[in-house]
Structures are given as C-alpha cells and as structure tokens.
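A short write-up of the structure that comes next.
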There are 4 protein chains.
Amino acid sequence: MAPKIVDREMRRMEIAGAAGVLFGKYGFDKVTIDDVAEAAGIGKGTVYEYFKNKEELIHGAFEIMLSHMGTEIEKSVDLTLTPLEALKSSTYAMVDVLEHVGEQYGFFLEYMLLLNRGKGNLALLQNMFQEYRSMIAGLLEAGIDAHQVRSDIDTASVAAAFAAWLDGAIFHWMILPTPGMKTMATAFWDAFVQGVALKREE
Amino acid sequence: MAPKIVDREMRRMEIAGAAGVLFGKYGFDKVTIDDVAEAAGIGKGTVYEYFKNKEELIHGAFEIMLSHMGTEIEKSVDLTLTPLEALKSSTYAMVDVLEHVGEQYGFFLEYMLLLNRGKGNLALLQNMFQEYRSMIAGLLEAGIDAHQVRSDIDTASVAAAFAAWLDGAIFHWMILPTPGMKTMATAFWDAFVQGVALKREE
Amino acid sequence: MAPKIVDREMRRMEIAGAAGVLFGKYGFDKVTIDDVAEAAGIGKGTVYEYFKNKEELIHGAFEIMLSHMGTEIEKSVDLTLTPLEALKSSTYAMVDVLEHVGEQYGFFLEYMLLLNRGKGNLALLQNMFQEYRSMIAGLLEAGIDAHQVRSDIDTASVAAAFAAWLDGAIFHWMILPTPGMKTMATAFWDAFVQGVALKREE
Amino acid sequence: MAPKIVDREMRRMEIAGAAGVLFGKYGFDKVTIDDVAEAAGIGKGTVYEYFKNKEELIHGAFEIMLSHMGTEIEKSVDLTLTPLEALKSSTYAMVDVLEHVGEQYGFFLEYMLLLNRGKGNLALLQNMFQEYRSMIAGLLEAGIDAHQVRSDIDTASVAAAFAAWLDGAIFHWMILPTPGMKTMATAFWDAFVQGVALKREE
DNA sequence: AATGAATGAGAATTCATTCAT
DNA sequence: CATGAATGAATTCTCATTCAT
C-alpha cells in the first residue's frame with residue numbers, strides 16, 4: 001500500500017547518529033542542518049521529515065549515545081569474579097570505555113547544558129545514573145554477604161559516591177591528562193577500598 | 001599606575017562579570033552583546049572597547065569565575081587542624097561552596113565545551129586543578145608525617161583522584177539530587193579514610 | 001461520457017471545494033497542499049493528479065464559488081412581482097446571501113488580488129458582473145415599460161452603479177458592521193428608487 | 001549625546017513608504033524584506049531596526065496610505081458650494097482620486113485580507129470610514145436645513161450607503177472598466193439626487 | 001571614549017513539487 | 001491511479017561587528 005518502503009525508525013537512527021558525531025566534533029551550535037543532511041547523505045528537507053527541529057535532533061542523538069553506554073556498562077560486569085573483584089574489573093573496564101569515547105565527550109557536555117537550561121530529557125540520564133549506582137550497590141551488598149565488605153556502610157550512598165568519582169575522573173582527565181586514567185583509577189581504588197588512614201577508627 | 005589604567009581594568013571586570021552572570025543563566029549563545037551591554041549599563045559599542053569580540057568576553061568571565069573559586073579554595077583550609085581533619089573540613093567546605101554556585105554551573109560547562117573544541121584558555125583551568133591537587137597532596141604528606149596517613153600511597157595520584165571526585169560529585173548532584181551532597185560526601189569520606197574492605201590487604 | 005470522466009470531474013470538484021473552504025478560512029498562502037489533501041481525504045500526491053499546481057487549485061475553487069453565487073442570483077428573482085418589486089426583493093435576497101457568506105469573503109478578496117496581479121481568470125468574474133448587471137438592467141427596462149421607472153435613464157449605467165453598490169455595501173459591512181446591511185439596504189433603496197421612479201411613492 | 005543623528009520617525013516612514021509601493025505592485029507575499037531594503041536604499045538588517053517583523057511593515061505602510069487618503073478626502077470638500085453641490089463635487093473628486101490610485105488598490109485589498117484574518121489595525125480603517133460617513137451626513141443635514149434635501153431621511157444610514165457605493169464602484173471598475181467611473185458616477189448621482197432632493201430638478 | 005545605527009553573513013525552517021513504488 | 005518520502009529553493013529573522021559622530 002505504501003508507495004515507498006522505508007524503515008522510518010532505522011532512517012531516524014541513521015540521521016541522529018550522523019548528527020551525534022558532528023555535534024561531538026564541532027558542537028551543537030556550529031553544526032548546521034545542512035551539515036547533518038550532508039553527513040547522512042540526504043537532503044536538508046528530509047531531516048525535517050524525521051525531526052521536528054534541531055533540538056529534537058540532539059535529543060535523538062543523545063538517546064543513541066546513552067543506549068550505547070548502557071550496553072557498555074552491562075558488558076563491563078564479570079559475574080564469575082568475587083564481588084570486590086567484579087567491582088574493580090568493572091571500574092577499569094569503564095575507564096577503558098570512557099578513555100575511548102573522548103570524541104563524544106563534547107556532545108555529552110553539550111547535552112548537559114541543555115539539561116541545565118531545563119530543556120532535555122533529564123529522566124533518561126537519571127535512569128542511567130540510577131542503574132549504574134544500583135549495579136555498584138548490588139556488588140557492595142554481595143561483598144557484604146561474602147564478608148569482603150564492611151557491613152556498616154550505607155551501600156546506596158557509597159555507590160552514589162563511587163559512580164560520581166568515575167565521571168569526575170574522566171572530566172579531570174579531559175582537562176589534565178596527567179596522571180593517566182589508569183594511575184588515577186589505581187590510586188582511587190586503593191584509597192577507596194583500603195582507606196588511607198593508618199589505622200581504622202574503632 | 002595612572003588612575004585611567006585602573007579604571008579601565010575595573011570597567012573590564014565589571015563587564016566580564018555581568019557577562020558571566022548572563023552566560024551562566026542563559027548560555028553563551030543565547031546571550032547577545034546587547035544583553036551584556038545593558039546588564040553592564042553601557043552602550044553596545046563600548047563592550048568592544050574593552051573586548052575584541054564575544055569570545056574574549058567569555059574568557060574574561062571565566063577568569064573571574066576561576067579567581068573566585070581560587071579564593072574559596074584557599075579559604076577552605078584551616079591550618080589549625082590536623083592534616084586529615086583539615087582535608088575533611090576543606091572538602092566539606094568545597095561541597096558547600098559548589099552547592100551554592102549551581103547557577104554558575106552552566107557557564108562552567110559552557111567553557112568546558114570551548115576547551116573541548118580547542119579554544120579557550122586551557123592552562124588557566126589546569127593551573128587551578130594543579131593547585132587544588134597540590135593542596136590535597138600537601139595535606140596527605142603532612143598526614144604521613146603526622147602518622148595519620150599510610151605512607152605507602154602515591155600522594156600525587158591519590159590527590160588527583162580525590163580532586164576528581166569532588167567534580168564528579170557536583171556533576172552527579174546536578175543531575176540527580178539524591179542523595180544530597182552531604183550524604184555523598186560523608187559516604188565518600190568514610191570510604192576514603194577507612195576503606196570499604198572488611199580487612200586490609202596485607 | 002465514460003463514467004470514469006464523470007468520477008474524475010466529481011473528484012476534482014471535491015478537492016477544489018475542500019480547498020476553497022480552507023482558503024476562505026486561512027488564506028491562500030497559509031493553506032498547504034497537505035492541508036487540502038487531508039481535508040479532501042486523499043494523499044498529497046493525488047492533488048497533483050487533478051490540479052497541475054496550487055494556482056490551478058485556487059482557480060478551481062473560485063469557479064465553484066462563482067457558480068454557487070450565480071445560482072443564488074438566479075434564485076433571487078421572483079418573476080411574479082412587478083419589475084421594481086422584483087428588483088427590491090432580489091436586492092434584499094442578495095444582501096441576505098452575502099451576509100451569510102462572510103466566511104468566504106476572505107477567499108473572494110484573495111482571488112481579487114490574483115486578478116489584480118494579472119493572474120486569475122478575469123473573464124469569469126466579469127461575466128458574473130455582466131450577468132448581474134443585465135438582470136438589473138432588464139428589470140429596469142421592464143420597469144420603464146410598466147411605467148414604474150423613469151424612461152430617461154441609461155439603464156446599463158444605472159444597473160452598473162446599482163450592482164456596484166451591493167459589493168460596496170458588503171465590503172463596508174465587513175469592516176464596520178453598523179448600521180446593519182438591512183438598514184443600509186433600506187436607506188439605499190429609498191434614496192435610489194425614489195430617484196428613478198417615474199412618480200414618488202406617496 | 002547620540003552619536004548618530006537620524007530622524008527615526010522619518011526613516012520609518014521612508015521604509016514603510018517604499019514597502020507600500022512594492023506591496024501594491026507585487027503583493028505582500030511576493031515582496032521580500034530584501035526587496036524592501038533595496039527599494040529603501042538600506043541594508044536588510046536595518047529594516048528590522050525599524051520594524052519588528054514583516055507584518056509590522058504592512059501595518060506601517062497601511063497607516064501611511066490611510067493618512068494620504070484622509071488628506072485627499074479633506075481636500076475634496078469645497079465649502080463655498082451649496083451642500084448638495086459640495087457633495088456632488090466631493091464625490092467626483094473622490095472618484096478622480098481613486099481612479100488614480102489603482103496601483104495601490106492591490107495593497108488595499110491585501111490589508112483587507114489581514115483584517116479579515118483578524119490581524120491588522122481594524123480601528124484605523126473604521127475611523128476613516130466613520131469620518132467619511134460623518135462628512136457626508138453633515139452635508140446631507142446641511143442640505144436639509146437648506147431645503148435641498150428631503151427631511152424624512154435617516155442621514156446616518158444614507159451616508160453609510162452612499163460611502164459604500166463609492167468603494168463598490170471602484171471595485172467594480174477594477175474588474176470591469178466599462179462603463180467608466182465617470183459614467184457610473186453620473187448615473188448614480190442622478191438616481192441618488194433625484195431621490196433625496198426635496199424637489200425634482202426639472 | 002562612548003555610542004548605537006547600519007549591516008549582511010548565516011541559519012532554521014517551510015512547502016510546492018517530483019517521482020519511485 | 002494513488003501515494004507520501006525526498007528535495008532544495010526561497011524566506012524570514014538574528015546578531016556579531018563596524019564605524020561615523
């Protein structure tokens with residue numbers, strides 16, 4: 001019945017993907033709809049067939065980015081290890097991932113700005129944060145059960161603090177690449193897990 | 001030396017300050033030179049007497065912001081305390097400061113984008129990071145000397161990781177205000193100082 | 001002859017009719033081909049199967065409008081009355097009609113503009129004017145024969161002036177609804193007819 | 001104090017005037033802001049210094065047109081004549097004026113459309129209509145006092161009908177130039193005056 | 001020095017029209 | 001015949017920057 005068979009959802013993703021790459025490289029404001037159309041290999045008007053306006057485009061691109069990251073997070077956990085080991089290896093895996101998406105980082109910041117201005121789909125990012133925190137909290141609880149982790153900690157808060165560190169680290173690393181992420185991760189892991197105090201307060 | 005020069009520098013600061021507030025509230029691209037001029041109580045053309053173009057304006061505004069933060073950092077350290085106590089109180093003080101500059105956060109992100117695109121005065125921010133790290137590293141070393149802190153840590157790397165955490169925390173808190181900064185800071189500090197492991201690895 | 005042709009013509013009218021309503025309500029430029037297609041319950045491309053372009057569409061819509069008006073004009077004349085009574089009742093009938101097509105008035109103006117720019121089917125409208133004038137002139141001549149109307153008038157010119165009044169009245173009424181069409185028509189009729197009548201009505 | 005002395009009101013009029021001419025010739029939608037700027041001998045952006053958007057421009061142009069017409073109306077009345085003679089000469093003068101502003105007629109229609117769509121400054125045009133009606137009503141009343149005009153007419157309604165006629169005539173003349181305005185005016189005047197005059201002219 | 005009028009490059013968006021299916 | 005996806009020409013409007021006063 002339809003005269004032209006086009007997988008609209010697929011096409012939408014393609015366009016948003018092309019846009020995301022450009023946004024990451026040059027920034028939202030510097031990228032014109034013409035640029036996006038050219039990168040996607042379509043006409044300018046066609047972009048508007050799939051996205052009402054430029055803002056919808058950045059939302060679409062962001063969704064794609066988040067879903068990629070969600071996949072990476074899931075892949076990072078190795079369930080064959082002990083809880084603490086799993087947390088450690090997951091953290092290193094995430095550091096690895098983030099180190100390689102530097103190009104996307106600009107786009108990520110860009111979207112944070114949108115959120116900061118009250119536009120943007122905040123819930124989407126909150127969900128990702130929540131999920132990451134839950135995963136960490138889960139490992140910490142498993143660690144308590146396995147007598148690897150102190151039982152007097154508030155796992156939710158500790159997980160939140162832990163997750164925050166990861167984003168802070170990538171941020172600092174973007175600004176100041178020394179010491180490397182690996183070094184920082186090791187130092188953090190050591191201090192966080194072992195504590196820096198000479199003695200435990202009893 | 002001549003009073004004119006001082007006046008000129010003062011006026012420059014005023015303009016950049018007004019610009020900074022606007023940039024923080026509405027974003028660099030949304031703020032027009034007209035807006036800045038009006039906020040500074042001068043004519044549009046006059047802005048160009050003090051700043052070559054709009055980009056110089058954002059650099060000026062960022063410098064002011066950083067110098068404010070530098071002042072806050074310095075004020076946050078209480079030298080009458082023991083090293084670890086000083087680090088703790090400084091951290092809480094910084095959390096306090098950051099919690100109250102949320103409005104500026106958009107502008108901060110904005111400038112990060114500039115840096116990410118290769119524009120912007122990267123060194124300025126790097127210096128601030130370095131100074132903050134040095135301060136922390138100094139406290140850690142004093143802590144070692146005072147037998148409060150394990151002597152086997154790499155103070156520079158740990159300081160870097162510590163500083164990163166602070167920025168990650170404010171970032172996460174902007175996105176997901178639960179649990180509050182205070183709770184996260186407490187959880188982090190506890191883990192950092194005490195470690196989360198049930199036992200120290202020997 | 002072939003039923004297909006009839007169907008085609010019917011469909012053409014449907015589309016033009018739908019377009020006319022929209023043009024009247026929102027104006028030619030504000031109405032998109034998509035709007036017309038939707039209103040006609042067909043696909044956008046199908047409109048082009050029946051009309052070469054958007055301009056043809058407005059011509060088609062105008063033709064329909066004119067043919068409606070032509071019908072109304074014909075219906076307005078009651079041949080059982082004396083010539084002057086027929087002219088009077090016809091005028092009141094037309095006033096009635098026009099008062100109720102206010103919605104179409106915008107479209108009418110729109111088409112006048114097309115004509116003014118040298119586009120548009122001028123002859124069509126001229127014919128309608130001519131026919132209306134002829135009808136009035138005919139009644140005036142019958143009036144002369146019936147000794148109801150002064151024989152020294154130029155019936156053609158008087159008919160033209162009379163017809164013009166009707167359009168002027170509706171126009172003024174659109175802009176300034178006071179006094180109502182009825183009041184104006186009565187005043188006009190009184191002034192106009194008392195002048196052309198052979199004898200004053202006492 | 002102001003660095004550049006420009007009579008803003010004067011400039012505004014110039015621009016609106018240039019725009020009005022173009023609107024009349026080619027129609028509102030066909031005229032681009034670039035066209036207006038070029039015709040006014042200024043840059044595109046400058047138009048926006050004086051008019052918020054294209055719509056404001058048409059309002060400005062219309063105001064100028066109306067004020068021109070108002071002037072013409074005032075000039076058309078010769079107070080040295082008897083009331084009826086004054087009305088007659090004024091009517092012929094208006095016919096003369098209108099015959100020569102045919103070029104503006106398209107623009108006039110255009111604005112009528114704006115009014116029809118609920119935009120546009122309706123009151124402006126209503127005032128002009130009112131004033132014209134008042135002038136005519138005044139002459140009619142003077143005519144009654146001078147025993148030139150029947151005292152049993154409703155001067156306000158007759159004046160409204162009279163004014164409407166003028167606009168209808170110009171409209172019909174635009175569409176169908178035969179018979180000429182003069183001929184139609186004569187026919188109308190003859191019918192009108194013979195009807196309202198206290199006595200028939202012999 | 002200070003100003004704000006003038007400018008035009010540049011960008012988002014719309015929509016009539018085409019054409020492959 | 002019918003369709004609607006694709007297109008790009010065209011248009012409005014913004015705003016950083018210049019410069020005469």
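Residue numbering restarts at 1 for every chain, and letters A, B, ... go by the order of the sequence lines. Everything numeric here is computed off the predicted structure, so don't read it as measured data.
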Is the distance from OP1 or OP2 of [N] to the nearest side-chain N or O of [X] less than 4.0 Å?
X: A/T46; N: F/dA5; result: no
X: A/R11; N: F/dA6; result: yes
X: B/Y48; N: E/dT3; result: no
X: B/Y50; N: E/dA2; result: yes

In terms of side-chain geometry, is the basic nitrogen of C/R117 or D/E110 positioned less than 4.0 Å from the acidic oxygen of its partner?
->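 Result for this pair is yes, salt bridge flagged.
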
Salt bridge or not for D/R12 and D/E63, using N-O below 4.0 Å?
->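 Judged by the 4.0 Å cut-off on N to carboxylate O distance, D/R12 and D/E63 do not form a salt bridge.
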
On DNA chain E, check which nucleotide each of C/D34 and D/V47 is closest to and give me the residue with the more 5' one.
-> D/V47

Can you identify which nucleotide, out of [options], has its nearest atom closest to the [X] side chain?
X: B/K44; options: F/dT11, E/dA5, F/dA6; value: E/dA5
X: D/T32; options: E/dA2, F/dT12, E/dA16; value: F/dT12
X: B/E49; options: E/dT3, F/dC13, E/dT7; value: E/dT3
X: A/I33; options: E/dT17, F/dT12, E/dA12; value: E/dA12

Rounded to the Å, how far apart are [X] [atom1] and [N] [atom2]?
X: B/K30; N: F/dT14; atom1: NZ; atom2: P; value: 12 Å
X: D/F28; N: F/dT11; atom1: CZ; atom2: C1'; value: 12 Å
X: A/E14; N: F/dA6; atom1: CD; atom2: C1'; value: 14 Å
X: B/N53; N: F/dT17; atom1: CG; atom2: P; value: 5 Å
X: B/E38; N: F/dC15; atom1: CD; atom2: P; value: 14 Å
X: A/M10; N: F/dA6; atom1: CE; atom2: P; value: 13 Å
X: C/I15; N: E/dA16; atom1: CD1; atom2: P; value: 15 Å
X: A/D35; N: E/dG10; atom1: CG; atom2: C1'; value: 12 Å

Taking any strand in view, what nucleotide pairs with E/dA1 in a Watson-Crick or G-U wobble way, both distances under 3.5 Å?
->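 Pairing partner: none.
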
Could you let me know what E/dA20 is paired to, Watson-Crick or G-U wobble, both distances under 3.5 Å, or none if it's on its own?
->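 Because both required distances fall under 3.5 Å, E/dA20 counts as paired with F/dT3.
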
Have a look at D/V36 and say if it touches a base, only the backbone sugar-phosphate, or nothing, with a 4.0 Å heavy-atom cut-off.
->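 The residue D/V36 makes no contact with any strand.
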
Count the heavy atoms of every other residue, nucleotide or ligand shown that sit under 6.0 Å from [atom1] of [X], and state whether that count exceeds 12.
X: A/M174; atom1: CE; result: yes
X: A/E56; atom1: CD; result: yes
X: A/F171; atom1: CZ; result: yes

A/G43 vs C/G43, nearer the 5' end of DNA chain F by closest nucleotide =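 This one resolves to C/G43.
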
If each of A/I42 and D/D29 is mapped to the nucleotide of DNA chain F with the nearest heavy atom, which maps nearer the 5' terminus, i.e. the 5' end?
-> A/I42

Mind checking the CZ-CG spacing from D/F28 to C/L113? Nearest 0.5 Å is all I need.
->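 Reported to 0.5 Å precision, the distance equals 12.0 Å.
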
